[in-house]
Protein chains: 2
Amino acid sequence: MTQKKQKVKEQFHLFLTKKRLKATLQRNLILDAFVDLDRPTHMDELYLILRSKHSHIGHATVYRALRLFAAAGIAREFSLGDGLTRYELAGHGKRHDYLVCSDCGTVTEFDNSSIEERQLAVARSMGFTVEALKIELRGVCSRCLTQSG
Amino acid sequence: MTQKKQKVKEQFHLFLTKKRLKATLQRNLILDAFVDLDRPTHMDELYLILRSKHSHIGHATVYRALRLFAAAGIAREFSLGDGLTRYELAGHGKRHDYLVCSDCGTVTEFDNSSIEERQLAVARSMGFTVEALKIELRGVCSRCLTQSG
DNA sequence: AATACAATGACATCCACTTTCATTGAAGAC
DNA sequence: GTCTTCAATGAAAGTGGATGTCATTGTATT
Ligand SMILES: [Mn+2]
Ligand SMILES: [Mn+2]
Ligand SMILES: [Zn+2]
Ligand SMILES: [Zn+2]
């Protein structure tokens, strides 16, 4: 277990204790999956990961857990153009830039406090083909670019 | 009728003719309301405006009309954090910055091709209290700021 | 006019998400 | 360890924005 994971789990249990909420098996499993994935995600992705190992977990429980993580300050809730509610590990400031692959849909974080031109340069250096300038930078990620040609 | 409105209506009718689609009373009413409002909006807002004058319009028709405007290149579809699909008049480039008032929900356009610091300065000069830096700048608009204190 | 077929609108359905509620189970009291 | 309490779970129902269905209406062409 990484240092970061340990810290997050401690923070969560402190929150639960303070609020007189309960540390259930499901909440621990969901938090583990969320921290282990280590990139912005959403309910359905986590649900599939969890179901593959623990087939008894309900989808409502995953939704509720993610909201709880946000309430605990462990996760940050955000949203892109699609209908999905997304979550990422919290605690990295006010800037939230995402590279959204229009091919595979993968969301990559891209925090950079310098100016626009610099943001574009970094995006390109990550193999991202920028199509439009928005908080969500949409394009094709390096993996998809390699696979298709 | 403004120059801009005239042009938009011509563009729409050209599109309809090309595609062998029909210029209906409803489509004209919806386009008028959309252009007259002159700021980013969504189906429900337009529906209320339209129903107040023309009580026989169906909500599905408004949804379909807005999608059609986007297909015609007249409108641009986008989305903010809430569940609503928004539309704005198209034709002002790739940059799309919005000031979203966290109090009244009004969306204001804020297109600026210079760097971040400059964006923040412009936002402030418009009376907007910036809370976080994202494509959607959330804060309080000048109107709400005046009303509350 | 008459015809062809796109558009409308009431209604049903979809999908992400939330709520409900009977049952389960975590944690403090003893 | 057992008891007691009440939060948590999960299956199922509900919600809300958006879209599909289809009988009827309306537009544009002949
Ligand atoms: Mn972020
Ligand atoms: Mn714009
Ligand atoms: Zn990709
Ligand atoms: Zn406001």
Side-chain angles (χ1 to χ4, degrees), chain A residues 9 12-34 40-48 50-51 53-72 75 77-87 105 107, chain B residues 9 12-34 40-51 53-72 75-87 105 107:
Chain A
K9 298 201 77 168
F12 184 52
H13 281 92
L14 197 70
F15 173 82
L16 293 179
T17 307
K18 257 190 196 162
K19 296 270 185 176
R20 304 258 149 83
L21 302 177
K22 289 170 182 174
T24 65
L25 176 64
Q26 288 90 336
R27 282 172 179 172
N28 279 311
L29 290 174
I30 297 165
L31 183 53
D32 283 347
F34 177 58
T41 189
H42 51 85
M43 179 277 170
D44 197 55
E45 186 171 44
L46 279 184
Y47 186 63
L48 287 178
L50 289 160
R51 286 294 282 228
K53 286 170 190 162
H54 317 276
S55 57
H56 50 87
I57 260 179
H59 71 120
T61 302
V62 181
Y63 277 119
R64 286 188 282 230
L66 287 171
R67 274 194 301 171
L68 192 64
F69 297 163
E77 185 184 309
F78 69 101
S79 131
L80 305 175
D82 54 18
L84 306 182
T85 304
R86 293 171 189 271
Y87 295 86
V107 178
Chain B
K9 298 200 79 168
F12 184 53
H13 282 91
L14 198 71
F15 173 82
L16 292 179
T17 307
K18 256 189 197 162
K19 296 268 186 176
R20 306 256 149 83
L21 302 177
K22 289 170 181 173
T24 66
L25 176 64
Q26 289 90 334
R27 282 172 179 172
N28 279 312
L29 290 173
I30 297 165
L31 183 53
D32 283 347
F34 177 57
T41 188
H42 50 85
M43 177 277 171
D44 197 55
E45 187 171 44
L46 279 184
Y47 187 64
L48 287 177
I49 291 171
L50 289 160
R51 286 293 284 227
K53 287 169 189 161
H54 316 277
S55 59
H56 287 297
I57 257 177
H59 70 120
T61 302
V62 182
Y63 278 119
R64 286 188 283 232
L66 288 171
R67 274 195 300 172
L68 192 64
F69 299 163
R76 198 184 75 89
E77 184 183 310
F78 68 101
S79 131
L80 305 175
D82 53 18
L84 308 183
T85 304
R86 293 173 189 271
Y87 295 86
V107 178

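Labels below follow one simple rule: chain letters A, B, ... track the order of the sequence lines, proteins then strands, and each chain is numbered from 1.
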For this session: Starting from P on dT9(D), measure out to NE2 on His54(A) and report it in whole angstrom.
Result: 14 Å
For this session: List the protein contact pattern of nucleotides 22-30 of chain C with one symbol per nucleotide (5' to 3'): B for base contact, S for sugar-phosphate-only contact, - for none; contact means a heavy-atom distance under 4.0 Å.
Result: ---BBS---
For this session: Write down the distance between CG (Asn28(B)) and P (dG26(D)), rounded to a whole number of angstrom.
Result: 15 Å
Exercise. For the pair made of CZ in Phe12(A) and C1' in dA8(D), what is the distance, rounded to whole Å?
Worked result: 12 Å
Exercise. Can Lys9(A) and Asp32(A) be said to form a side chain to side chain contact (heavy atoms under 4.5 Å, CB included), step by step?
Worked result: CA-CA 8 Å; Lys9(A) 298 201 77 168; Asp32(A) 283 347; 2.7 Å; yes
For this session: Write down the distance between NZ (Lys19(A)) and C1' (dA8(D)), rounded to a whole number of angstrom.
Result: 17 Å
Exercise. What nucleic acid atoms does His56(B) come within less than 4.0 Å of, heavy atoms only: base, sugar-phosphate, or nothing?
Worked result: sugar-phosphate
Problem set entry | Whole-Å gap separating C1' (dT9(D)) and CG (Leu29(A)) | 13 Å
For this session: Of all the heavy-atom pairs spanning Glu77(A) and Thr85(A), show the shortest one and how long it is.
Result: CG-CG2, 3.5 Å
Exercise. Do Ile57(A) and Leu29(A) have side chains that get closer than 4.5 Å, going by heavy atoms?
Worked result: yes
Problem set entry | Gly58(A) to Tyr47(A) - nearest heavy-atom pair and separation | C-CE1, 3.7 Å
Exercise. How long is the line joining CG of Leu16(B) and P of dA28(D), in whole Å?
Worked result: 9 Å
Exercise. Is His56(B) atom NE2 crowded by more than 12 heavy atoms from other residues, nucleotides or ligands, each under 6.0 Å away?
Worked result: no
Exercise. Would you call the rings of Phe12(A) and Phe15(A) parallel, tilted or perpendicular if under 30° counts as parallel and over 60° as perpendicular?
Worked result: parallel
For this session: Would you kindly compare Asp44(B) and Tyr47(A) by the position of their nearest DNA chain D nucleotide and give the one closer to the 5′ end?
Result: Tyr47(A)
For this session: Report yes if the side chains of Ile30(B) and His54(B) come closer than 4.5 Å at any heavy-atom pair, otherwise no.
Result: no
Exercise. For DNA chain C, what residues of residues 61-69 of chain B have any heavy atom nearer than 4.0 Å?
Worked result: Thr61(B), Arg64(B)
For this session: Using atom CD1 of Ile57(B) as one end and atom P of dA10(C) as the other, report the distance to the nearest whole Å.
Result: 11 Å
Exercise. Atom CG of Leu31(A) to atom P of dA8(D): distance rounded to whole Å?
Worked result: 15 Å
For this session: Using the side chain to side chain contact (heavy atoms under 4.5 Å, CB included) rule, take Phe34(B) and Tyr87(B) through it: C-alpha gap first, then chi angles, then the decisive distance, then the call.
Result: CA-CA 9 Å; Phe34(B) 177 57; Tyr87(B) 295 86; 4.0 Å; yes
Problem set entry | Side-chain touch Thr24(A)/Thr61(A), heavy atoms, less than 4.5 angstrom | no
